[in-house]
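Residue numbers start from 1 in every chain, and the chains themselves are labelled A, B, ... in the order their sequence lines are given, proteins ahead of strands.
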Amino acid sequence: MSNRRDFMGMALGGFTALGGIGALYAMKRTWDPLPSVKSAGFTTIDLKDYKENVLATEKWRGKPVFVLKQTKEMIEKAKKNGELKRLIKVNDDYYMVAVGLCTHLGCIPGYNPADESFLCACHGGMYDSTAMVTKAPPPRGLDIPPFKIDGTKLVLGETGPEYEKMLADGTTMKV
Amino acid sequence: MAHFDENAKPFSHQWLNERLAIDTLQRVLSTEYWIPKNINFLWAMGMVLAATFGILLISGIFLLMYYQPNTNLAFDSVNYTIMTEVGYGWLWRHIHGVGASVVFLIIYIHMFTGIYYGSYKRGRELIWISGMLLFVLFSAEAFSGYMLPWGQMSYWAGMVITNLFSGGSLHADGLVEWIRGDYVPAQAFLGRFFMLHVLLLPLVIIGAIVFHFGTLRIPHVNNQDGEEFDFDEAARLYKEGKKKESKVIPFNPVFLSKDVFVMGIYFIFFFYLVFYHFEFAMDPVNFDPADGLKTPAHIYPEWYFLWSYEILRPFSTNVGLIAFAIAQVIFFLLPFLDRSPNVAPASRRGKFKFWFWAMLIDMIVLTFMGKLPPEGAWSTIGLIAALVFFALWIALPIITKSEKKL
């Protein structure tokens, strides 16, 4: 008698647990980003359009992306600080392209062209012209979005060899 | 089978009694639910909270009829439709906004009353823990509701708070995107926080309120002296008509009449705010529609979250997150960190008296500093207050362990 009850209890419990796990999986998947959200994740920009030391803000996956064409002095400074690897080189020009969200908690830093630096008003973090962090609390420089160089055009959201190199040597985190 | 009188008129007292035991229910739940006599107006805060929750629910129902959970329509459905077109729509919105803010004021008073009188100790631990659970649920309810008008503060508070779940150096960006259902707060985010705010969280809150009441039943309500007495004996005296000698009063109508008096005063204050000072609960920045490409100059939470925000702020990302996480849960542990056997008001508990006032003042300082921009001296005071907060929690078991038994 007891064995039969145990068996029925375990059978009921087992099937209920199975159904429960299935339901949890369905719930998790329902909260996932939709395919339409995922597929809208590409933006193409033309680097010819930008002027030196004038910050442009593009939109990629709903996030602001900073594009800053570097002046000669900026390039010299970046070379000295070993941050040239943070820049994207197209022909002979260097561009800083980065997600414009503070790596601390995601506010948008403001650019001051006179100082050639960024300041985040939320918690006082600062970045230089290559978007490398110069003052805490941000733990790292602004993240560089996945990109693929196509002539003078840049496809944001696609992964090209230059971006893979940045990922591999730890210049940026995956975003 | 139970006995049913065939001659009982439908819906008469006898008819209902036979089917629902209404006399027993009334006795157990109100006329013979005993409350100590030795209490003051602070004991009314529970019913004040229950009434405020009721008002939030009713005003919310009316807002729900016109609110549109769509990123293109939400802002206008609140600021145009409800505020200018719907008859008395402004009233529901201002009641709801003021209520959401004031409910936290009363929660904090309710909490600190419990801490002062030791109402979390010796048999009352579950009252405290279920109350803290309600505090967390109300915080989630307030946050999800704050997203709905889809203004600048909604959007950026949503961005910053969901970013907390990346866990600093853990970089759980996938988790953040999963919570949002998008790379940034967008339609999927608004839709799910709308659901949480109007359905799931209120359901859980109602369940938790019932549980909170349930935890009170056996240990009974504490009193001003933390005195332990025989409730059965006191109840017997009361029922025998020796009301003067008895240490208890029934919940209904005696305790409730006192509650209603305190509620009367409270609602004068509440509706004064609703009609004349609703703006304190309406951040001007949130009257700009959400814009993912522009951060407001200062992002700060509503006043009731400022103390924990200020614990996050002065530290580097990882330390700040850990400090913030500890601050969110440490109050749950109060019944176990307080090692003293005494159930008594803080004023009679030696060093604990200073601990109580130091904690209260420290949280007020943290609240003020959280609102000020993180610059210069404010930054330093904020850091010191955050360190004092943790020092007090570390000191608590030590100073209560050495407390003399009263």
Practice item. Inspect the surroundings of CZ in B:Phe165 and state if more than 12 heavy atoms from other residues, nucleotides or ligands are less than 6.0 Å away. Key: no
Revision key, fill the gap. dist A:Ser36:OG -> B:Gln187:CD (nearest 0.5 Å) comes out at 10.5 Å
Study note, to complete from the structure: When the 4.5 angstrom heavy-atom criterion is applied to A:Leu34 and chain B, the contacting part is backbone
**Study point:** Heavy atoms from other residues, nucleotides or ligands near OH of B:Tyr80 exceed 12 (cutoff 6.0 Å)
**Key:** no
Review point. Taking all atoms of both residues into account, what is the closest heavy-atom pair of B:Leu293 and A:Lys63, and its distance?
Key: CD2-C, 4.1 Å
Practice item. Give a yes or no on whether A:Asp49 atom CG has more than 12 heavy-atom contacts from other residues, nucleotides or ligands under 6.0 Å away. Key: yes
Check your understanding: Between atom CD of B:Glu177 and atom NZ of A:Lys38, what is the distance when rounded to the nearest 0.5 Å?
Key -> 6.0 Å
Check your understanding: In terms of heavy-atom contacts, does CE of A:Met27 have more than 12 from other residues, nucleotides or ligands at under 6.0 Å?
Key -> no
**Study point:** Portion of A:Thr30 that has a non-hydrogen atom of chain B nearer than 4.5 angstrom
**Key:** backbone
Practice item. Report yes if the side chains of A:Pro33 and B:Asp182 come closer than 4.5 Å at any heavy-atom pair, otherwise no. Key: no
Atom pairs and distances, side-chain donor-acceptor, residues 135-150 of chain A, under 3.5 Å, sequence neighbours left out:
residue, atom, partner, partner atom, Å
A:Lys135, NZ, A:Gly124, O, 2.8
A:Arg140, NE, A:Asp143, OD1, 2.9
A:Arg140, NH2, A:Asp143, OD2, 2.9

Practice item. Give the minimum heavy-atom separation between B:Arg192 and A:Asp32, together with the two atoms involved. Key: NH2-O, 4.4 Å
Point to revise | Heavy-atom closest pair, residues B:Gly292 and A:Pro64 | key: O-CD, 3.8 Å
Review point. Just checking heavy atoms, which of residues 280-290 of chain B are less than 4.5 Å from chain A?
Key: none
Practice item. Using modelled atom types only, decide if a donor and an acceptor are shared between the side chain of B:Trp178 and the backbone of A:Arg29 within a distance under 3.5 Å. Key: no
Check your understanding: Looking at A:Trp31 and B:Leu196, what are the two nearest heavy atoms and their distance?
Key -> CH2-CD1, 4.2 Å
Practice item. Please indicate whether B:Tyr108 has more than 12 foreign heavy atoms, meaning atoms of other residues, nucleotides or ligands, lying under 6.0 Å from its OH. Key: yes
Check your understanding: Passes side-chain contact (heavy atoms from CB on, under 4.5 Å), B:Tyr183 versus A:Val99? Steps please.
Key -> CA-CA 12 Å; B:Tyr183 304 105; A:Val99 175; over 6 Å; no
Point to revise | Heavy-atom proximity to chain A below 4.5 Å, by part of B:Leu312 | key: side chain
